[in-house]
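Here's the structure we're looking at; comments come further down.
Just so we're on the same page: letters track the sequence lines, and every chain starts at 1. These numbers come from the heavy atoms of this one structure, side chains and all, not from hydrogens, waters or symmetry mates.
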There are 2 protein chains.
Amino acid sequence: MREGLTIGEFATVTHLSVRTLRRYHEAGLLAPKRVDPFTGYRYYATEQIPSAQVIHRLRELDVPLAEVKAIMATDDPDRRAAVVAGHLRRLEEALERTRGAVVALRRLLGPPDGELAVEVRAVPGCVVAGVRGRVELARAGAWYDGAMAELDAAFAVGGRTGPPGGQYANELFTGGTGDVVVYRPVRDPRPSGRVEVIDLPAAEFAVAVHEGPHDDIDVTYGRLGAWVVGHALAVGGSVRETYLVGPRDTGVAADWRTEIGWPVFRLSPA
Amino acid sequence: MREGLTIGEFATVTHLSVRTLRRYHEAGLLAPKRVDPFTGYRYYATEQIPSAQVIHRLRELDVPLAEVKAIMATDDPDRRAAVVAGHLRRLEEALERTRGAVVALRRLLGPPDGELAVEVRAVPGCVVAGVRGRVELARAGAWYDGAMAELDAAFAVGGRTGPPGGQYANELFTGGTGDVVVYRPVRDPRPSGRVEVIDLPAAEFAVAVHEGPHDDIDVTYGRLGAWVVGHALAVGGSVRETYLVGPRDTGVAADWRTEIGWPVFRLSPA
DNA sequence: GTGGTGTCTCCCCCGGGGGGAGGGTGCAGA
DNA sequence: TCTGCACCCTCCCCCCGGGGGAGACACCAC
């Protein structure tokens with residue numbers, strides 16, 4: 001019986017590369033059973049093969065090494081399964097975004113759309129019920145769903161006075177993280193849970209309506225932006241979206257209608 | 001009318017970050033319409049918004065910047081669509097591998113399997129018909145399918161004398177690229193197209209059978225490797241797989257049976 | 001003993017960004 | 001016209017998870 005597998009032998013039986021195994025050792029992810037204190041040679045045990053394979057698979061799922069380390073550190077199979085399940089959920093989200101990107105890409109590469117109807121409108125301030133948060137773009141969808149559900153629960157259908165909306169700081173898009181407000185005009189705004197009473201300030205908006213699923217809403221954003229610039233206006237402040245027809249109204253995404261309002265300033269008092 | 005959008009304004013309307021726009025400029029991907037020669041300020045035109053959005057979407061699909069550049073360089077919509085379609089195919093493959101990793105992970109994290117039946121067998125050399133190639137691991141599946149189809153076309157069912165097999169260099173797994181031979185024992189081996197007459201050398205193999213889909217075949221590899229090491233043998237040379245029951249026999253992946261043969265040497269003449 | 005192969009550490013490279021320093025610009029209000 | 005501030009510039013280092021290669025040492029069979 002040998003004293004252990006050399007790194008090359010271990011690489012062969014696990015189908016990992018020698019370099020990768022060294023990296024995993026360095027990262028504290030998979031330490032060889034024994035390291036010769038004089039030569040630095042790494043020796044692995046056959047019992048480590050399954051661990052190496054788990055790591056290999058997790059990496060194939062793009063689980064970050066730090067998280068893999070956390071998973072390997074716990075022996076509790078339930079905890080492991082939970083972490084893995086969480087990652088599968090993230091994979092689903094990534095897949096969803098990929099699907100959305102494909103939809104948007106098809107539209108972008110297809111025949112150009114017709115004229116976009118844009119209107120500049122002064123929107124008075126109003127007091128609404130809403131939920132505030134600072135979210136990452138990748139998780140904005142899930143966050144929105146949760147906040148909207150809470151809002152819906154707090155105000156009965158009879159108390160609502162208009163379609164729901166959201167206000168999104170520009171940093172959310174350009175920086176990946178930003179302040180978001182999900183709100184709904186109601187007859188009697190009052191706080192409850194995460195729901196606050198929010199005072200939406202008055203502003204002048206360039207408004208356009210995006211028709212269809214939200215996957216390619218950026219196309220409408222771009223067209224609205226081009227319109228605004230072409231009309232000697234400057235954009236500034238947080239965007240507001242109003243969900244005239246949304247997922248809560250119909251499951252047919254093609255029928256959704258989203259109003260996009262971008263705060264504008266006149267550059268020259270024409 | 002302005003002379004163009006500053007990088008910040010362009011970032012706002014395209015939902016890209018300023019840094020990313022600078023990088024795209026540097027990479028020759030999306031040059032601003034005008035760069036002030038004195039200040040270096042970048043000014044973008046509204047006509048560039050759609051291009052920026054296409055790039056954004058392609059990046060969301062993990063299309064490398066170099067490839068995005070190639071796509072943007074051609075105006076031919078057919079060529080663009082072809083490149084995009086090619087990438088969608090790659091995405092499908094990635095998705096397939098992800099699915100496989102999930103399957104393997106479930107098995108690894110589940111209850112441990114029973115004893116693996118391993119046999120050491122001296123396999124005599126034989127002359128077969130086969131296709132050689134140097135392939136990347138990620139594309140091995142597609143390559144295998146193509147080679148096997150050519151082999152099947154060259155030799156009628158009556159001329160085949162055994163199940164098909166493959167020989168895989170270890171570098172394929174540990175380095176990502178390696179020499180592969182797909183072969184089939186036939187009554188009358190003769191070259192045709194990519195098919196060559198191949199002389200498989202005799203060797204001693206540790207042999208185990210993997211049952212089920214190939215997604216988690218690495219698990220069996222690891223168990224076979226552990227057995228080999230535990231029996232004072234050393235692995236070396238290229239692995240041979242024999243597809244006793246494979247995708248060409250039944251669509252039910254759970255019924256597949258794959259024999260794995262790993263060339264071994266005795267370490268000590270016990 | 002000797003050669004070949006394996007292994008060690010170390011540094012640089014890749015892609016696709018993010019953070020921040022340090023300094024120059026544009027523009028609007030005073 | 002000046003001043004302040006937000007914007008923009010370049011430059012460098014960092015992140016992740018690896019690969020390539022140099023130069024030096026270790027192992028092992030002959």
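When the P atom of C:dT25 is taken as reference, atom OH of B:Tyr43 falls 11 Å away, rounded to whole Å. For the pair A:Glu26 CD and C:dC11 P, the computed distance is 12 Å after rounding to whole Å. Note: CD (B:Glu60) to P (C:dG16) measures 14 Å, nearest angstrom. Separating the CD1 atom of A:Ile55 from the P atom of D:dC16 is a distance of 17 Å, rounded to the nearest angstrom. In this structure, B:Glu171 atom CD and C:dG6 atom P are separated by 11 Å, rounded to whole Å. Atom pair A:Asn170:CG and D:dC7:P shows a separation of 11 Å (rounding to whole Å applied). The distance from atom CG of B:Leu29 to atom C1' of C:dG16 is 12 Å, rounded to the nearest whole Å. As a whole-Å value, the separation of B:Arg34 CZ from D:dC9 C1' is 15 Å.
Judged by distance alone, with hydrogens and angles left aside, B:Tyr41 brings no side-chain donor or acceptor close enough to the base of C:dG26 to form a pair under 3.5 Å.
When the nearest nucleotides of DNA chain C are assigned to B:Ala66 and B:Phe38 by heavy-atom distance, the more 5′-ward of the two goes with B:Ala66. Both A:Asp36 and A:Arg23 lie near DNA chain D, and the one whose nearest nucleotide falls closer to the 5' end is A:Arg23.
At C:dC8, one or more side-chain N or O atoms of A:Arg42 fall inside 4.0 Å of OP1 or OP2 (strictly under the cut-off). Look at B:Thr39 and you won't find any side-chain N or O under 4.0 angstrom from OP1 or OP2 of C:dT25. Dashed line: the shortest gap from a side-chain N or O of B:Ser17 to OP1 or OP2 of C:dG18 is under 4.0 Å. Neither OP1 nor OP2 of C:dT9 sits under 4.0 Å from any side-chain N or O of A:Arg19. Residue B:Arg59 places at least one side-chain N or O under 4.0 Å from the OP1 or OP2 atom of C:dG17. Side-chain N/O atoms of A:Arg22 include none lying less than 4.0 angstrom from OP1 or OP2 on C:dT7. The side chain of A:Tyr24 places an N or O atom within less than 4.0 Å of a non-bridging phosphate oxygen (OP1 or OP2) of D:dG18. A:Thr20 has a side-chain polar atom (N or O) that falls below the 4.0 Å cut-off from OP1 or OP2 of D:dG19.
Under the salt bridge (charged side-chain N to carboxylate O under 4.0 Å, His left out) rule, A:Asp216 has a single partner from A:Arg106, A:Arg223, A:Arg107, A:Arg99, which is A:Arg107.
Residue A:Arg134 qualifies as enclosed at atom CZ: its count of foreign heavy atoms under 6.0 Å is above 12.
Between B:Lys69 and B:Ala27, the shortest heavy-atom contact is NZ-O, 3.6 Å.
Of the candidate nucleotides C:dG18, C:dG16, C:dC8, C:dG16 has the atom lying nearest to any side-chain atom of B:Leu65.
Distance alone, capped at 3.5 Å, is enough to place a donor-acceptor pair between the A:Asp36 side chain and the A:Thr39 backbone.
Side-chain polar atoms of B:Tyr221 and B:Glu241 form a donor-acceptor pair below 3.5 angstrom.
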